[in-house]
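What follows is one structure encoded as structure tokens, with my remarks underneath.
Because the structure is a prediction, the values reported are computed rather than measured.
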Amino acid sequence: MKALILVGGFGTRLRPLTLSVPKPLVEFANKPMILHQIEALKAVGVTEVVLAINYQPEVMLNFLKEFEASLGIKITCSQETEPLGTAGPLALARDKLIDDSGEPFFVLNSDVISEYPFKEMIQFHKSHGGEASLMVTKVDEPSKYGVVVMEESTGQVERFVEKPKLFVGNKINAGFYLLNPSVLDRIQLRPTSIEKEVFPKIAAEKKLYAMVLPGFWMDIGQPRDYITGLRLYLDSLKKHSSPKLASGPHIVGNVIVDESAKIGEGCLIGPDVAIGSGCVIESGVRLSRCTVMRGVRIKKHACISGSIIGWHSTVGQWARVENMTILGEDVHVCDEIYSNGGVVLPHKEIKSSILKPEIVM
């Protein structure tokens, strides 16, 4: 089987992290976002992954070369010269996706984190005999999304309603599709939306089916959702009693710590924290609801909550960093500084407190 991952553009919503690496390579729970998806695809027998990309393909491919070997999966790029929406990239990658097998192929949005129930999706697709399957997930506020209206018992999709004012359902497109090769005949090589142009036509012919996603779902393409997604992901590890979760007297709730990180005495870490490789957490540090990326040093008695600390940054002694502060790569926060929602671009030194959310350039 093959899969296409829609990698897309510049990752502006996750700046300043995406000023250093393309968004799919930003770590999530100590692993590049896209690797969570590639490993899950490999586990259900996918042998080739095509990345639909229009920005820095060589950076992506160079990075993924080592995983290509270790996972035993072929990774190639299909590069857009202009943004082609969510369907155009399928037409562009047509020759890479079609072979003699006639097998369906996966299409994924790269920002989505979940338990990736691809095995169940393959079974569902085979059972209904339609042309396309999509995953849907239930949400509390359907008015913010495009809602999928479907026949509950069979999963047959009736129609799509964009940001409904009146309640028509609470299931939205989760960004995972399984498509027969024939779907490619419906797509022209131009900027096209699969959700607005392709799927409604397949639904009108009663050949589109939706399966409700089991477990959690989050689009982690922006900082607040990234932090929420980390909590859901760690919860899911806990449910499956994963050995990846850290334990010890200084750990509270669900925490993941790279084995090469060093943690000092008297720290309190958790809940919902990821600490990357080569990090040094000095004594008396308090961390909660945050990601500390590779090579970071947090000095004594600093306190960090609800924030993302970018690669190789330093947070000084007794500093307090909170409320969606995002530090880019190699940012140095001086001792006793307070940051309330500061978004700091790479290679900066912060010598005075950031009292209200602002971008520091």
Side-chain angles (χ1 to χ4, degrees), residues 1-7 23-53 60-61 63-78 90 93 96-99 101-128 132-137 155 173-181 209-220 229-230 232-245 254 256 258-259 274 277:
M1 286 185 82
K2 297 185 178 187
L4 179 85
I5 302 180
L6 297 166
V7 173
K23 181 173 59 179
L25 301 185
V26 171
E27 284 99 311
F28 175 83
N30 293 352
K31 194 189 293 179
M33 277 183 202
I34 199 159
L35 207 54
H36 290 272
Q37 297 192 335
I38 292 173
E39 287 179 351
L41 289 167
K42 164 75 181 170
V44 294
V46 170
T47 53
E48 185 175 343
V49 173
V50 181
L51 307 176
I53 190 167
M60 288 280 289
L61 277 182
F63 180 86
L64 291 167
K65 273 285 166 269
E66 58 175 297
F67 296 107
E68 198 176 36
S70 63
L71 290 170
I73 192 166
K74 186 178 173 189
I75 302 172
T76 57
C77 268
S78 169
L90 277 74
K96 292 176 188 277
L97 293 170
I98 284 198
D99 55 24
S101 71
E103 284 286 324
F105 58 89
F106 283 101
V107 178
L108 315 183
N109 287 336
S110 69
D111 294 356
V112 174
I113 199 89
S114 82
E115 287 173 12
Y116 305 123
F118 297 148
K119 189 177 170 194
E120 295 89 326
M121 196 172 184
I122 294 169
Q123 290 164 344
F124 174 73
H125 186 76
K126 285 181 175 159
S127 71
H128 65 63
S133 301
L134 74 153
M135 280 276 183
V136 292
T137 185
N173 179 346
F176 303 145
Y177 319 130
L178 192 52
L179 312 177
N180 287 352
Y209 289 79
M211 171 184 163
V212 179
L213 179 93
F216 78 99
W217 177 90
M218 199 73 211
D219 177 332
I220 54 173
L230 182 63
L232 297 171
Y233 173 80
L234 294 174
D235 267 353
S236 161
L237 289 185
K238 174 85 188 259
K239 273 198 197 90
H240 297 100
S241 39
S242 166
K244 290 182 189 169
L245 290 175
N254 300 331
I256 190 167
D258 186 274
E259 56 194 26
S277 62

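- Residues meeting the side chain to side chain donor-acceptor pair (under 3.5 Å) test with Lys244, sequence neighbours left out: none.
- Inter-residue side-chain proximity for Leu234 and Leu245 is flagged as met; some heavy-atom pair is nearer than 4.5 Å.
- Take Lys31 and apply the side chain to side chain donor-acceptor pair (under 3.5 Å) test, not counting sequence neighbours, and it matches Glu39.
- Asn109 places no side-chain N or O within 3.5 Å of a backbone atom of Asp111 that could act as its donor or acceptor partner.
- Of all heavy-atom pairs spanning His125 and Ser133, the tightest one is ND1-OG, 2.7 Å.
- Under a 3.5 Å cut-off, the side chain of Trp217 and the backbone N or O of Ile113 do not form any donor-acceptor pair.
- Using a 4.5 Å heavy-atom cutoff, the side chains of Leu51 and Ser78 are not in contact.
- At a threshold of 4.5 Å between non-hydrogen side-chain atoms, the residues Glu27 and Met33 do not count as touching.
- Rounding to the nearest 0.5 angstrom, the gap separating the OH atom in Tyr116 from the CE atom in Met135 is 12.0 Å.
- Within the model, atoms CD of Gln123 and CD of Glu120 stand 6.5 Å from one another, a figure rounded to the nearest 0.5 Å.
- Residue Met211 holds its CE atom at 11.5 Å from OG1 of Thr137, rounded to the nearest 0.5 Å.
- Nearest approach of Met1 to Leu178, heavy atoms of both residues: CE-CD1, 3.8 Å.
- Atom-to-atom distance recorded for Thr47:OG1 and Glu103:CD is 10.0 Å, nearest 0.5 angstrom.
- With a 4.5 Å cut-off on side-chain heavy atoms, Leu90 and Leu179 count as touching.
- Here the shortest heavy-atom pairing between Lys42 and Ile73 reads CB-CD1, 4.0 Å.
- A donor-acceptor pair under 3.5 Å links the side-chain atoms of Gln37 to the main chain of Val112, judged by distance alone.
- Contact annotation: the side chain of Asn173 never approaches that of Val136 to less than 4.5 Å [non-hydrogen atoms, C-beta and beyond].
- The NZ atom of Lys96 sits 8.0 Å away from atom SG of Cys77, with the distance rounded to the nearest 0.5 Å.
- In terms of heavy-atom proximity, Ser110 sits nearest to Val7 at OG-CA, 3.8 Å.
- Under the side chain to side chain donor-acceptor pair (under 3.5 Å) criterion, Ser101 pairs with Asp99, sequence neighbours left out.
- Here His36 and Phe28 bring their ring centres to under 6.0 angstrom of each other.
- Residues Leu41 and Leu108 form a side-chain contact, since some pair of their non-hydrogen atoms from C-beta on lies under 4.5 Å apart.
- Note: Phe106 and Phe176 fail the aromatic proximity criterion, with ring centroids not under 6.0 Å apart.
- Minimum heavy-atom separation, Ala29 to Ile256: O-CD1, 4.2 Å.
- A heavy-atom distance below 4.5 Å is not found between the side chains of Val49 and Lys2.
- Minimum heavy-atom separation, Leu4 to Ala93: CD1-CB, 4.0 Å.
- Side chain of Glu115 to main chain of Gly215: no donor-acceptor pair is present (N/O by atom type, distance under 3.5 Å, no hydrogens or angles).
- Contact check for Ile5 versus Val50: no side-chain heavy atoms found under the 4.5 Å cut-off.
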